[in-house]
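Here is the structure we will look at, set down as structure tokens.
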2 protein chains.
Amino acid sequence: MGTAERLIASTQQLLWERGYVGTSPKMIQQHAGAGQGSMYHHFAGKPDLALQAIRRSAEELRSQAEEKFREPGPAYARIAAYMLREREALRGCRVGRLAHDPEVVASPILREPLAETFAYLRRRIEELLVEGRERGEFAEAMVAAEVAAALVAVVQGAYVLAQSAGSVEVFEQAVRGGLHLLAAYTA
Amino acid sequence: MGTAERLIASTQQLLWERGYVGTSPKMIQQHAGAGQGSMYHHFAGKPDLALQAIRRSAEELRSQAEEKFREPGPAYARIAAYMLREREALRGCRVGRLAHDPEVVASPILREPLAETFAYLRRRIEELLVEGRERGEFAEAMVAAEVAAALVAVVQGAYVLAQSAGSVEVFEQAVRGGLHLLAAYTA
DNA sequence: GTCTATATAGTGATAGAC
DNA sequence: GTCTATCACTATATAGAC
């Protein structure tokens with residue numbers, strides 16, 4: 001792995017653990033085993049490097065989600081697979097955690113991958129809900145766009161609860177609660 | 001309002017906007033119109049001041065929630081009142097946003113008010129769900145603790161979606177989705 | 001209680017040698 | 001491409017005068 005790649009990977013990791021304001025160029029350089037000059041040779045500065053790292057994390061997240069969405073089986077099962085996906089709850093969501101970073105939120109450029117990621121997740125789950133409704137899995141009255149937003153929110157909120165409690169169990173409890181409600185929403 | 005009080009109020013505000021790692025003592029002093037010596041006279045340092053601010057924000061949040069939980073009417077309506085409470089979604093949750101702050105999460109002392117706040121919300125909503133179930137509002141099969149965790153998570157996750165999108169509408173969409181699912185969960 | 005001075009370390013970057 | 005030197009500024013205090 002080249003130096004530029006190592007810098008991006010290290011930035012991804014540190015942004016996940018500490019967010020943007022909590023991560024300094026020096027931390028990144030030490031983590032990547034690269035010098036100052038090296039980092040500023042490959043990237044224009046902290047925002048540039050962070051943008052590339054955030055974009056990559058967003059791609060990875062979408063690709064992992066898409067794996068679950070594409071599984072065979074009923075819509076409910078595919079949504080459940082996404083929500084129950086093995087997650088290290090106490091590390092948080094590598095994309096969602098940046099939604100609470102003041103400098104990311106203040107920068108339209110850094111925020112854009114977050115917006116895109118959640119727009120994708122909501123749209124994709126909405127499609128599955130509509131598909132399931134047409135097959136009789138869910139009640140006709142379902143407002144798919146709203147339920148999709150709620151299900152994505154359950155996962156993101158579950159991270160908040162888990163990190164606040166310092167316990168992964170709360171994460172699973174919240175996700176199971178969301179799926180419990182969805183499973184009961186039948187004709 | 002005395003200087004100490006002004007410092008706490010300013011810290012509450014800045015922690016809400018920028019989190020713990022994104023807030024410096026200098027910012028707090030300027031916001032409060034107090035000097036360095038003044039701050040360090042009243043508080044041992046940044047962690048001490050932050051702890052008092054976090055505790056106060058947690059109390060305020062619980063008190064606002066409790067107002068809604070105590071309203072007359074069916075359990076569903078009281079839970080809906082809490083979830084639909086007027087919120088400035090783009091400012092985030094003053095307690096939940098700290099769950100993504102590395103130094104808050106790393107400090108058991110600073111994290112404790114977060115754990116307590118969400119434990120309270122989950123317990124309180126679980127009580128309402130049990131009460132509603134006994135009155136026939138919800139299906140007998142409801143797993144109240146899990147559904148309660150999911151509903152709290154919907155609100156916290158809705159903040160993440162709204163801040164990522166830079167739009168308050170997503171917040172309302174997610175919350176309505178959660179209530180939609182709950183409303184359909186009847187015997 | 002509040003003020004100013006001082007201190008050590010870190011932040012985010014630029015300059016120029018190698 | 002990478003290294004070291006340097007820079008202006010901020011972070012988080014402590015010390016002591018007023």
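The structure displayed is predicted, hence computed values, not measured ones. Letters go in sequence order (proteins before strands), and every chain restarts at 1.
Closest to the B/Met27 side chain, of the nucleotides D/dA13, D/dA11, C/dT11, is D/dA11. Closest contact between the side chain of A/His41 and the listed nucleotides D/dA13, D/dT2, C/dA13 involves D/dT2. Closest to the side chain of A/Lys26, out of C/dA13, C/dT11, C/dG12, is C/dT11.
Atom CG in A/Leu7 sits roughly 15 Å away from atom C1' in C/dA13 (whole-Å rounding). The nearest whole Å value for the distance from the CZ atom in A/Phe43 to the P atom in C/dG12 is 16 Å. Counting to the nearest Å, the P atom of C/dT4 and the CD atom of B/Gln29 are 12 Å from each other. A straight line from CG of A/Leu49 to C1' of C/dA13 spans 14 Å, rounded to a whole angstrom. Summarising the geometry, the separation between CD1 on A/Ile28 and P on C/dG12 is reported as 9 Å, rounded to the nearest angstrom. A/Tyr40 has its OH atom 11 Å from the P atom of C/dT11, to the nearest Å. The nearest whole Å value for the distance from the CD atom in B/Glu5 to the C1' atom in C/dG1 is 16 Å. If you measure from atom CZ of B/Arg18 to atom C1' of D/dA11, you get 13 Å, rounded to the nearest angstrom.
Within the structure, a side-chain polar atom (N or O) of A/His42 is placed less than 4.0 Å from OP1 or OP2 of D/dT2. A/Thr3 has a side-chain polar atom (N or O) that falls below the 4.0 Å cut-off from OP1 or OP2 of D/dT2. Of the side-chain N and O atoms in A/Ser24, one or more sit less than 4.0 angstrom from OP1 or OP2 of C/dT11.
Few gaps surround CG on A/Leu90; more than 12 heavy atoms of other groups in view lie less than 6.0 Å from it. Counting heavy-atom neighbours within 6.0 Å of B/Glu169 CD, excluding the residue itself, gives a total of 12 or less.
Here B/Arg70 pairs with B/Glu66 in a salt bridge; the nearest charged N to carboxylate O distance falls below 4.0 Å.
For the residue pair B/Arg91 and B/Gln163, no side-chain donor N or O sits within less than 3.5 Å of a side-chain acceptor on the partner.
Each of A/Thr23 and A/Gly37 has a nearest nucleotide on DNA chain C; the 5'-most of these lies closest to A/Thr23. Mapped onto DNA chain C by nearest heavy atom, A/Lys46 and B/Gly33 fall at different nucleotides, with B/Gly33 at the one closer to the 5' end.
Ring centers of A/His180 and B/Tyr185: under 6.0 Å apart, within the cut-off.
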